[in-house]
Protein chains: 2
Amino acid sequence: MEATRTLVETKGPDKFSVSEACRLAGVSTAAPYRHFGDKTDMLLAVAMDGMERQRMQMEAVVAQHPRGTIDSIAALGELYIQFAQREEGVFRLAFGLTRDHEDRADMTECGQRCFGVVVEEVRRYLNRPAPDGPVMERAFSLWTLVHGMSFLMIDQKLGVMTTPLDIPTLVRENTIRLLAR
Amino acid sequence: MEATRTLVETKGPDKFSVSEACRLAGVSTAAPYRHFGDKTDMLLAVAMDGMERQRMQMEAVVAQHPRGTIDSIAALGELYIQFAQREEGVFRLAFGLTRDHEDRADMTECGQRCFGVVVEEVRRYLNRPAPDGPVMERAFSLWTLVHGMSFLMIDQKLGVMTTPLDIPTLVRENTIRLLAR
DNA sequence: TTCCCCATGTTTGCATTGCTAACATATTTT
DNA sequence: AAAATATGTTAGCAATGCAAACATGGGGAA
């Protein structure tokens, strides 16, 4: 898994090769198949590990702010983007590329726990007794925003921008806007 | 290119194989290399074609609304999402996955033209003489929103949602929110 | 018309990849 | 002590991306 993580970061998830990971780990190319069903399983393992780490960070960040405030919510958004930048490969595996990962119950559950942190903050912010429709809509909108921003950044799509962007400021301002009214 | 497009849609860009495309097109596996440098070049070709088609659609949509209004801007957002749903594979190639496509000038230029349509609408909406910082920031934010939404949808990440979402309404409402103040 | 070139294609070959099968060995369980 | 399990190895297969050498047919120059 360590070798897999390393290669996913350096080469990218799509260029990842089991053989290369084996070479890097110093084992034969058949060794991983004692531990994982196939290549996808290997990647899924590091994806879930990454998501779990991210969730723990999220809870740590939330605890550093008054609960259910613009501050705590914007901090979550910035954390998401930081994760994308810091661990691009793992981030892609965890929050993108679900073509292969389809209908993996454990993966979905893992994501649900992450998203749950955001939902809870939004619920508090909106003063609602339960995570109902409006809460989910706002939480989802906030997610889409940082999700899109993250991918546009790591996919180098900012090349089309003619003026520089201050990402943290943008996250905060848009968080406020998306929560308005 | 037709075979490539077909396979990209059915198997997905990551599972796309040159050999299979050749089989489908009824030519030898070496034939494509007379027309494209390598596999990536083939995919890039259909990506750019897709982007260009999208840009034309964008301009058509804009023309159907009063220029620089919430209506025209929200319509662009919905069109983006529709493209993602209708041509998932090509959409991924065009607006995602730039790990390989790095520093392809023509590709960036093509994207710039697409984004330019949005920028122009936002510029009018904000009554600005030129696409300056504030205009770019709003346009970018709108893009991130629909971009994130599109990918979360095609990547099946909506499985974590516990209430159903009305996407078109969400696009419109969030467009308004992101353009406020 | 004749000739040559060039665009396009083919066959063959090679290294790499994902994965399986058969076999070895060590460690834990009974 | 014996058996079962966990973990590794080597060897092999089919598929892939791509390169090299070899065909060929049609259009412009002579």
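Sequence lines set the chain letters: A, B, ... in the order given, protein chains first and strands last, and positions in each chain run from 1. Bear in mind that the values here come from a model prediction, so they are computed numbers and not experimental data.
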Asks: Roughly, in whole Å, what's the span from CD in B:E20 to P in D:dA15?
Replies: 11 Å
Asks: Taking the side chain of A:A30 as its heavy atoms from C-beta onward, which of C:dT11, D:dT10, D:dC18 lies nearest to it?
Replies: D:dT10
Asks: Look at all strands and tell whether A:S19 reaches a base, only sugar-phosphate, or nothing, counting heavy atoms closer than 4.0 Å.
Replies: sugar-phosphate
Asks: Return the value, rounded to whole Å, for the distance between atom NZ of A:K11 and atom C1' of C:dT16.
Replies: 13 Å
Asks: Output the rounded distance in Å from CG (B:L7) to P (D:dT16).
Replies: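 Those two atoms, CG and P, are 11 Å apart.
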Asks: May I ask you to say what B:F16 touches in the nucleic acid, namely base, sugar-phosphate or nothing, with a heavy-atom cut-off under 4.0 Å?
Replies: sugar-phosphate
Asks: Once you round it to whole Å, what is the distance between P of C:dG9 and CZ of B:F36?
Replies: 11 Å
Asks: NA contact type, B:S17, heavy-atom cut-off 4.0 Å: base, sugar-phosphate, or nothing?
Replies: sugar-phosphate
Asks: With the 4.5 Å side-chain cut-off for hydrophobic clustering, are A:M56 and A:M48 part of the same group?
Replies: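 No.
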Asks: Once you round it to whole Å, what is the distance between C1' of D:dA19 and CG of B:D38?
Replies: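 Result: 13 Å.
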Asks: Salt bridge or not for A:R23 and A:E20, using N-O below 4.0 Å?
Replies: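 So A:R23 does not pair with A:E20 through a salt bridge.
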Asks: Working to the nearest 0.5 angstrom, can you tell me the gap between A:F83 CZ and A:M51 CE?
Replies: 9.0 Å
Asks: Rounded to the nearest Å, what distance is computed from the CG atom of residue B:D14 to the P atom of nucleotide C:dT17?
Replies: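 One finds 18 Å between P of C:dT17 and CG of B:D14, rounded.
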Asks: Roughly, in whole Å, what's the span from NZ in A:K15 to P in D:dG17?
Replies: 10 Å
Asks: Starting from P on C:dT16, measure out to NZ on B:K39 and report it in whole angstrom.
Replies: 17 Å
Asks: Start at the 5' end of DNA chain D and walk down; is the nucleotide closest to B:V18 or to B:R34 reached first?
Replies: B:V18
Asks: Indicate whether OP1 or OP2 belonging to C:dG9 is found under 4.0 Å from a side-chain N or O atom of B:H35.
Replies: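 Checking B:H35 against C:dG9: at least one side-chain N or O falls below 4.0 Å of OP1 or OP2.
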Asks: Distance from A:R5 atom CZ to A:T10 atom OG1, nearest 0.5 Å?
Replies: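 Here the rounded value is 13.0 Å.
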Asks: Report yes if the distance between the aromatic ring centroids of B:F115 and B:F140 is under 6.0 Å, otherwise no.
Replies: no
